Protein chains: 2
Amino acid sequence: MVRRLESRSPLAEGEREALLGLQQSIRKVAAGAHLVRDGEPPEQCALLLSGFAYRYKITGDGARQIVSLHIAGEFVDLQNSFLSISDHSVQTLTAAEVAFVPLQAIRDITFAYPAIARAMWIDTLVDASIFREWVVNVGRRDSRARVAHILCEFSLRLEEGGLAREHRYELPMTQEQLADAVGLTSVHVNRVLRQLGEEGLISRDRRSITIQDWQRLRDAGDFNERYLHHDGEAIVRS
Amino acid sequence: MVRRLESRSPLAEGEREALLGLQQSIRKVAAGAHLVRDGEPPEQCALLLSGFAYRYKITGDGARQIVSLHIAGEFVDLQNSFLSISDHSVQTLTAAEVAFVPLQAIRDITFAYPAIARAMWIDTLVDASIFREWVVNVGRRDSRARVAHILCEFSLRLEEGGLAREHRYELPMTQEQLADAVGLTSVHVNRVLRQLGEEGLISRDRRSITIQDWQRLRDAGDFNERYLHHDGEAIVRS
DNA sequence: CGATCCTTTGATATGTTTCAAGCTTAGTGG
DNA sequence: CCACTAAGCTTGAAACATATCAAAGGATCG
């Protein structure tokens, strides 16, 4: 599990063992549970073993902006691991299994094993790349493109994680949550989804999404997967 | 110079020397020069010694979104340092002095000195925190709040860098660039700036900004500096 | 001092939100 | 297992914020 994530960057030998030996407690948490709370000092670093979670911030007038979505196999919390106060919250979207590792253990292991530090660092750099793309999505694309873009992103990430096949996947988000991820209203997201359906780009059944025409959805969403840095090629070797 | 940046996290002894000994070439570059180009493999890591730069992406229909602004003393390029293809471009805003360090040297030094790796990692985590805040800014705040927010952010960051005093600073951006940073039109940014002026929150003279009423601008921009992680307290010690 | 880039302003167009209501689905307790 | 309830989805009509278009006025730099 842990290793799967680290496969982005060159794995070492003894380091895997160190990773596997990390002190951890595995817990099942309910949907809607908070893994990180804005304003509190992080104490644990959560790794999602199953389920979904999202990262969000609340504005002064109560609006929510979701700034990222996380799927099984991802570290939810390296972003906070060296900052003493969280600047955002993380909440589960579904019931989930989570491995909690004490932050101190993360700090120790990264200090002792440069290759592990590097792998985790790279993981946070990829997160940052996705944040940048989301700034663009929300800042410069119209509603149709925003929704199409995020559907493309989820499709690729879920397939990479083995959670989708053939451009079909379960997306356990309400339309309101989707709206909060793309900076729109749930009402408008609903209209856009309908429109994408009518155009034959996607079809939906409850929370399940099927991308019927990948190429056209990709175009509609101005989607280029480079920012996901998925291909092993995208990562440095030395 | 280099050390100043590293002061976020615990400085070590021999490590400073290693940092200062980094192979580098210092060059003056003109305004508008590219330090990083989208789609190309990064080869150097640029540290801004003076001047300003911004990070941006272009959408399929040619719109630009600026995803971050960088000021003297900041690493422009750690974000790419372990990814083999850049997912965005970086361009100078003004004439600037830049120290270029070969990426390989960065990779080597971070492998050899865990404390340096950690300091740089933290630097990229703070960048990521700012990206998140920008997602919120552009996704969930109206035009007035967006502009007010970014003016607050610049004020604090410039003061932190010794480039502003008393809430007064030079902001070497055109209104079009500002617009591309907040996801609006330059026309609309102009109107908002005028309005903020009329309300007595700011005053402008050419490219110089004076925040006349910090508290009210802060409120208008829904600004909370926590995400900047400026206070040394915000960083981990062990 | 001429030319170009930037700023400013007005009028109109448009995309998205807001408000409101009806409908469907999933969950819960009797 | 059905009935009830709450949550989420869907749709329409009107309001509003921001974009677009257009043109004039300033500033800056050879």
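All chains are named by letter (A, B, ...) in the order of the sequence lines, taking the proteins before the strands, and each is independently numbered beginning at 1. As the structure is a prediction and not an experimental result, all values here were calculated from the model.
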Q: Take B/D61 and A/R141, measure what salt bridge (charged side-chain N to carboxylate O under 4.0 Å, His left out) needs, and give me the verdict at the end.
A: CA-CA 9 Å; B/D61 48 300; A/R141 290 201 260 257; over 6 Å; no
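- Residues A/V98 and A/L48 form a side-chain contact, since some pair of their non-hydrogen atoms from C-beta on lies under 4.5 Å apart.
- The interatomic distance linking A/L93 (CG) with D/dA7 (C1') rounds to 15 Å, in whole Å.
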Q: Step by step, work out the salt bridge (charged side-chain N to carboxylate O under 4.0 Å, His left out) result for A/D38 and A/K57.
A: CA-CA 8 Å; A/D38 195 351; A/K57 303 183 86 159; over 6 Å; no
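- Atoms CG (A/D205) and P (D/dT10) sit 11 Å apart, rounded to a whole Å.
- Annotation: proximity of residues 134-149 of chain B to DNA chain D (heavy atom, distance under 4.0 Å) is found for B/D142, B/S143, numbered in ascending order.
- Of all the residues in residues 186-195 of chain B, B/V187, B/N190, B/R191, B/R194 reach under 4.0 Å from DNA chain C with at least one non-hydrogen atom.
- For the pair B/R207 CZ and C/dT7 C1', the computed distance is 9 Å after rounding to whole Å.
- For the pair B/D61 CG and D/dT20 C1', the computed distance is 15 Å after rounding to whole Å.
- The two residues B/G51 and B/T94 come nearest to each other via the heavy atoms CA-OG1, 3.3 Å.
- Against DNA chain D, the stretch residues 167-177 of chain A makes heavy-atom approaches under 4.0 Å through A/T174, A/Q175.
- Across the protein-nucleic acid pair, B/R206 atom CZ and C/dT8 atom P stand 12 Å apart, rounded to whole Å.
- The ring-ring contact (aromatic ring centres under 6.0 Å, His included) pairs that include a residue from residues 142-176 of chain A are A/H149-A/F223, A/H149-A/Y227, A/H167-A/W214, where partners are two or more places apart or lie in different chains.
- The shortest distance between side-chain heavy atoms of B/Q44 and B/L103 does not fall below 4.5 Å.
- For the pair B/D127/B/H70, a side-chain contact is recorded, criterion being any heavy-atom separation below 4.5 Å from C-beta on.
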Under 3.5 Å, sequence neighbours excluded: what are the donor-acceptor pairs made by side chains of residues 184-198 of chain B?
| from | atom 1 | to | atom 2 | distance (Å) |
| --- | --- | --- | --- | --- |
| B/H188 | NE2 | B/S143 | OG | 3.2 |
| B/N190 | ND2 | B/Q175 | OE1 | 2.9 |
| B/Q195 | NE2 | B/E199 | OE2 | 2.6 |

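- Evaluated for a side chain to side chain donor-acceptor pair (under 3.5 Å) with B/R55, the options B/Q91, B/H88, B/Q79 yield exactly one hit, B/H88.
- Each end of the helix from C/dC1-D/dG30 to C/dA21-D/dT10 gets its own rotation axis from five pairs of C1' atoms, and the angle between them is 50° to the nearest 10 degrees.
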